[in-house]
Amino acid sequence: MNRKQFLTGAVIAGGASLLQPGNAFASATMADVVPDKLVDANGQFILNTLPYNENFLEPHMDAETLHLHHDFHHGGAVKGANKDIQMINKAIADNSLETVDFWTKKLSYHFSSHLLHTIFWTNLTNKKTEPGGQLLKKVETSFGSYDRLKSYIAATAKNIDGNGWGVLAYQPYTGGLTVIQCENHEKLLQWGAIPLLVIDVWEHAYYLKYKNKRQDFVDTLFNIINWDNVADRLNNAVKISG
Ligand code: MN3
């Protein structure tokens, strides 16, 4: 191929992708467009290393809490999810289905924990950011303003009964954003909703430093939420769901 042929080909390729932007994502999955890596090449759930050092989020989130939270709580969910799948597959292979009810519930719990924790680490950074672009537009359409969203999601996270998560999600069935007050890791969900920002209010997330002051922990998180990551997640969610 000479230079002229190369350039012509490049123009055609570029033009094709410009003319048919939808096709670029027609076969895309969440795994293709979002850097969340939940499984290895064999489909086994894996615990990724944190995207920063354990003291990166100090003083808002202390290094010891982050270490225990990631390695043992998130890590435990990964181990649990792998065992649940193994037990389900064994029950199916043995045609012994008395136990699948138990392990399927466990998988819902452990998989959801793995997914939410994986998102949570990337949702945090050590500097203050604010939503912009498409994210800010959708925040304003769905909640009125960024301040109103902050108040709303903070109130839902602070008031969860027991352990759970405050979640900002994109709901493809409405094209808007929605807030979910999730109990444990898998309860009170909306089908179809794609999580963008997740706030872990399990006691393990804050008790070493904040003791019983869950409200203070939630308030301080707004200093370290990575709204750029939330915006990337929204853009990807819109691309894959249309
Ligand atoms: Mn947790």
Side-chain angles (χ1 to χ4, degrees), residues 30 34-39 44-85 105-126 150 153-169 178-190 193-227 229-230 233:
M30 191 58 106
V34 174
D36 299 322
K37 193 76 183 151
L38 298 194
V39 292
Q44 288 282 301
F45 293 112
I46 50 167
L47 178 65
N48 294 302
T49 53
L50 284 166
Y52 33 69
N53 293 329
E54 288 175 351
N55 62 2
F56 184 71
L57 303 173
E58 294 267 13
H60 305 287
M61 190 179 292
D62 59 292
E64 188 181 12
T65 296
L66 192 53
H67 171 71
L68 295 171
H69 194 171
H70 175 265
D71 286 20
F72 295 97
H73 294 278
H74 184 177
V78 172
K79 282 185 193 158
N82 281 324
K83 179 171 182 181
D84 303 336
I85 294 257
K105 282 177 185 152
K106 286 280 186 197
L107 178 61
S108 176
Y109 178 89
H110 287 132
F111 173 83
S112 300
S113 174
H114 182 24
L115 175 66
L116 289 171
H117 282 107
T118 301
I119 295 172
F120 185 51
W121 309 131
T122 69
N123 277 162
L124 302 174
T125 186
N126 69 347
K150 276 198 290 188
I153 196 167
T156 58
K158 289 172 184 177
N159 291 300
I160 286 165
D161 292 335
N163 290 314
W165 300 74
V167 176
L168 172 68
T178 187
V179 166
I180 296 170
Q181 190 184 52
C182 171
E183 292 179 4
N184 285 354
H185 305 294
E186 79 291 14
K187 295 178 181 170
L188 306 181
L189 303 185
Q190 293 178 21
I194 300 171
L196 308 175
L197 167 66
V198 298
I199 297 176
D200 189 343
V201 293
W202 281 63
E203 286 186 349
H204 65 232
Y206 60 87
Y207 222 84
L208 285 182
K209 182 178 172 77
Y210 294 90
K211 304 294 189 284
N212 57 321
K213 308 284 189 196
R214 179 194 275 182
Q215 303 213 345
D216 292 353
F217 170 67
V218 171
D219 287 337
T220 207
L221 279 183
F222 286 96
N223 293 302
I224 53 171
I225 287 173
N226 187 346
W227 288 103
N229 178 263
V230 179
R233 288 180 177 282

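Sequence positions, counted from 1, serve as the residue numbers for this chain. In each ligand, atom 1 is the first atom listed, and ligand 1 is the first ligand listed. All of these numbers come straight from a predicted model, not from anything done at the bench.
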- Task: Using the Mn ion (ligand 1) as the apex, give the angle to atoms NE2 (H69) and NE2 (H204), rounded to 10 degrees.
- Result: 90°

- Message: Restricting to N, O or S, what is the name of the atom of D200 that lies nearest the Mn ion (ligand 1)?
- Response: OD2

- Message: For W121 and H69, I'd like to know if the aromatic rings sit close, meaning centre-to-centre distance below 6.0 Å.
- Response: yes

- Query: Parallel, tilted or perpendicular: which fits the ring planes of Y109 and W202, with parallel below 30° and perpendicular above 60°?
  - Reply: perpendicular

- Over 60° means perpendicular and under 30° means parallel, so classify the ring planes of Y52 and F56, tilted if in between. parallel

- H74 N/O/S atom closer than 2.8 Å to the Mn ion (ligand 1): no

- Message: Under 3.5 Å, is there a donor on one side chain and an acceptor on the other for N229 and T122?
- Response: yes

